[in-house]
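Heads up: the structure comes next, in structure tokens.
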Amino acid sequence: MIELLTRLENTYNGKDYALLKRAYEYARRAHANQKRASGEEYFIHPCTVASILTDLGLDAATVAAAFLHDVIEDTAVSEGDIRKEFGEEVLELVVGVTKLDKIQFHSKEEEQAENFRKIFVAMAKDIRVIIIKLADRLHNMRSLNFLSKERQQRMARETLEIFAPLAHRLGISQIKCELEDLCLKYLEPDFYEYLSTSIEESLKANVEMVDQVVLEVKDILSESKISGDVFGRRKHLYSIYRKMKERNKTLDQIYDLVAIRIIVNTVDECYEVFGKIHHRWKPVPGRIKDYIATPKPNMYRSLHTTVATNFGKVFEIQIRTYEMNHAAEYGIAAHWKYKEKKNIADDLDTRLTWIREVMEWQGGLKDSKEFLNSLKGDIYSSEVLVFTPKGDVISLPKDATPLDFAYSIHSAVGNKCVGAKVNGKMVPLNTVLSVGDVVDIVTSQSSKGPSWDWLKIVKSSSARVKIKQFFKREMKEENVRTGKVMLDAEIKRRGYSMSELLTEDAFMAISAKMSFNGQDEMFASVGYGAVSVNQVVVKLIDYHRKSQPQQEVTKFFKTGKKGDGSVKVKGMAGLLVRFAGCCNPVPGDEIVGFISRGHGVTVHRKDCPNLKHTEDDRIIEVSWAETADSVYNAGIKVTGNTQTEVLTTVASVVAQLKLDIVSTNGRIDPKTNQAIVDFHIRLNGKDELNNLIKKLSQEPKIIDVFRTAN
């Protein structure tokens with residue numbers, strides 16, 4: 001541990017070293033008395049992770065986060081404690097690693113593994129979080145021998161599918177190669193042992209030839225007055241294993257077990273040496289690759305050729321600059337395979353390439369604040385990847401909701417959806433999902449199906465199509481007919497007619513808000529119960545009121561027919577007057593008039609709830625005539641022990657007062673088991689109504705009686 005502190009002190013400046021030493025001591029105290037599966041102190045693990053990142057040249061904040069990356073998860077330390085001690089930047093890195101640790105990998109298929117890698121990257125706002133996690137996984141793989149065989153293979157397979165490809169795409173070949181070799185050790189132990197032993201023996205037998213090629217290449221550099229380094233480098237075991245498997249070859253048929261690497265200063269020198277090597281030895285056809293002119297997707301650059309030497313041995317030779325070699329070993333930027341718009345992808349490529357070049361020019365991350373800032377938020381994605389409860393990955397469009405998730409599983413799941421859980425908590429169906437969320441859909445067989453409002457919630461075109469298909473399938477003639485009757489009745493109750501409100505323009509306006517494709521679809525949705533009558537009628541009335549210019553309101557005054565003489569309209573005569581069915585005003589009630597197009601003036605009680613949202617310019621002053629000889633209907637609600645007692649009592653009192661019962665409607669209250677009966681009574685005015693209510697309230701068999709709005 002002391003050696004690590006010494007190395008940190010020699011690598012980082014005074015302020016950065018002070019931060020790292022504090023993080024070191026803090027983690028040591030937090031992990032005190034904790035042990036790993038090997039029996040060694042747990043603190044060795046964060047120290048090793050920090051050491052790996054120091055080797056890669058990461059900045060002080062990242063190495064500090066490496067020391068602390070397990071304290072929130074495994075100790076009593078809180079996020080607030082980390083923020084207070086080390087600041088927001090270190091906290092974000094630690095929390096990012098902790099968040100990634102919670103991802104559970106289940107799938108073994110390549111397509112699914114690619115989705116996991118996407119999630120892994122998308123969940124990390126800062127690329128440094130992923131690099132910490134790669135170093136964390138590398139040390140765990142190094143100490144895998146202390147776990148059970150089952151856990152060894154599970155972690156090795158997960159590492160091979162998720163973490164090694166991530167390291168490759170970030171261009172960090174050091175980590176990538178070691179991870180792959182360790183995976184091979186646990187997934188194919190016999191093959192690993194065979195390769196290790198056989199390759200070692202082969203290298204010993206051919207060491208003189210390798211030295212001879214290195215010596216001849218150095219002669220070429222010397223003759224060309226080019227300074228550089230030349231050395232033989234053994235291919236890592238997993239790459240050899242993969243070649244044998246993919247090409248169905250034996251080890252004897254793999255001739256490039258060792259690559260001769262030449263490192264020079266400039267690109268021109270690369271090509272000059274390249275040509276002179278081909279002049280010295282004959283190149284193998286089809287084995288020349290120029291990754292300088294056309295870099296690999298992870299921005300790897302080098303010249304590769306395979307030559308047959310004059311002593312009968314075939315060698316692969318790699319030629320690159322020092323900058324290229326640095327990028328290949330410690331690369332940080334990669335080209336991510338997101339499904340993005342071209343302009344975003346081009347921007348991403350430009351910025352990531354710039355990051356790589358900054359690292360090469362400046363000699364490491366810690367020397368460039370501008371570089372660190374560019375790392376944050378450089379990962380863009382137009383898709384959201386979430387988990388099912390079983391761990392499968394579902395790809396959804398940006399800003400997708402649980403409804404999109406439900407319909408992506410199956411149409412039946414979406415149609416029967418009644419709720420959703422995200423990360424174990426119930427959430428509204430319009431909740432916007434985030435990358436890595438675990439989504440569980442709650443369904444009910446008694447559900448009537450989707451609502452038209454869902455079309456405004458879902459973001460995926462497939463979900464929208466499935467919802468519309470459901471309504472199209474359910475649009476039976478009876479639903480259309482039922483919905484039309486319901487709308488017509490409610491429109492009339494509000495003092496309008498269907499033809500007055502449901503114009504072509506009005507329907508276009510309402511369909512824009514509610515996504516109806518035709519009037520039958522609207523009627524059917526009302527009849528089916530997907531949309532309430534009130535939702536449609538309110539929108540139609542609102543459109544009707546807004547679309548009528550004020551000057552047109554007075555036009556019908558001249559053409560109206562003479563109404564009931566019991567009501568006078570202030571300042572006007574000869575108007576069509578009728579009484580609103582929603583509140584049934586009677587003489588003695590305070591009343592107002594509402595100007596309705598085509599129906600003259602509709603008289604309401606002043607306290608009618610339907611007037612609450614009416615424009616003031618449509619209200620007109622009206623009054624009862626001094627001699628009103630018309631009859632009116634008024635509603636009362638009567639409660640008693642039984643319907644028989646209520647009916648006989650009310651009938652008796654009404655007869656005594658010489659009034660008439662127009663209609664009755666009775667029911668039993670399930671909570672109190674009492675009988676409730678609505679009556680419409682024909683009478684001459686409010687005095688008669690008040691007298692009726694007074695007499696009924698005095699009857700011993702009547703529990704309650706009061707006037708209703710209609």
Side-chain angles (χ1 to χ4, degrees), residues 99-100 102-124 161-162 336-341 344-345 379-475 514-515 517 521 525 528 530-531:
K99 187 177 181 183
L100 294 184
K102 294 180 179 179
I103 299 180
Q104 297 296 316
F105 301 102
H106 300 286
S107 173
K108 304 176 184 64
E109 298 178 4
E110 177 59 31
E111 181 181 357
Q112 195 76 339
E114 176 65 18
N115 281 336
F116 279 123
R117 288 195 289 270
K118 287 181 182 180
I119 274 195
F120 210 84
V121 176
M123 287 180 71
E161 292 179 349
I162 310 299
W336 300 93
K337 296 195 304 183
Y338 279 111
K339 299 173 184 175
E340 297 171 326
K341 294 182 179 178
I344 298 177
I379 302 302
Y380 302 98
S381 177
S382 58
E383 60 184 338
V384 177
L385 297 140
V386 297
F387 291 107
T388 68
K390 293 183 179 180
D392 294 326
V393 178
I394 303 296
S395 175
L396 299 171
K398 189 173 181 289
D399 297 328
T401 66
L403 285 175
D404 292 288
F405 177 91
Y407 279 102
S408 71
I409 300 299
H410 197 278
S411 297
V413 176
N415 292 338
K416 294 297 181 181
C417 174
V418 294
K421 292 181 181 179
V422 174
N423 302 324
K425 296 181 179 179
M426 292 297 297
V427 298
L429 292 178
N430 63 350
T431 300
V432 175
L433 299 176
S434 300
V435 173
D437 282 343
V438 178
V439 186
D440 189 9
I441 299 299
V442 181
T443 60
S444 172
Q445 291 304 312
S446 61
S447 169
K448 291 184 177 180
S451 162
W452 282 101
D453 288 336
W454 288 10
L455 291 169
K456 293 182 286 186
I457 295 175
V458 296
K459 303 300 179 183
S460 63
S461 56
S462 61
R464 191 171 288 106
V465 167
K466 289 174 182 177
I467 292 171
K468 289 191 174 183
Q469 283 177 343
F470 173 87
F471 285 114
K472 188 175 182 180
R473 201 167 49 245
E474 297 296 326
M475 194 187 296
M514 305 184 76
S515 304
N517 287 329
E521 195 173 89
S525 65
Y528 184 71
V531 176

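Here the structure is a predicted model, which means the values were calculated and not measured.
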Test item: Asn423 side-chain N/O and Asp437 main-chain N/O as donor-acceptor pair under 3.5 Å: no
Least distance between heavy atoms, Arg464 atom then Val458 atom: NH2-O, 2.9 Å
Closest non-hydrogen atom pair between Ser446 and Ser444, with its separation: OG-OG, 2.8 Å
Polar contact flag, side-chain donor to acceptor under 3.5 angstrom, Thr401-Asn430: no
Backbone of Ser411 reached by a side-chain donor or acceptor of Lys466 within 3.5 Å: no
Contact check, side chains of Trp454 and Leu429, non-hydrogen atoms, under 4.5 Å: yes
Heavy-atom pair of closest approach, residues Thr431 and Pro402: O-CD, 3.1 Å
Spacing of OG belonging to Ser451 relative to CD1 belonging to Ile457, to within rounding of 0.5 Å: 7.5 Å
Non-hydrogen side-chain atoms of Lys421 and Val438 separated by less than 4.5 Å: no
Non-neighbouring partners of Lys456 that pass salt bridge (charged side-chain N to carboxylate O under 4.0 Å, His left out), sequence neighbours left out: Asp453
Cys417 side chain reached by Leu403 side chain, heavy atoms, under 4.5 Å: yes
Distance (rounded to the nearest 0.5 Å) between Lys425 NZ and Asp440 CG: 15.5 Å
Stepwise side chain to side chain contact (heavy atoms under 4.5 Å, CB included) check, Tyr407 with Val465: CA-CA 10 Å; Tyr407 279 102; Val465 167; over 6 Å; no
Any side-chain heavy-atom pair of Ile409 and Phe405 under 4.5 Å: yes
Lys398 vs Lys459 side-chain heavy atoms within contact, under 4.5 Å: no
Side chain to side chain contact (heavy atoms under 4.5 Å, CB included) evaluation trace for Thr388 with Val439: CA-CA 6 Å; Thr388 68; Val439 186; over 6 Å; no
Minimum side-chain heavy-atom gap Leu396-Val386 below 4.5 Å: yes
Student check: side-chain heavy atoms of Thr443 and Val418 closer than 4.5 Å: no
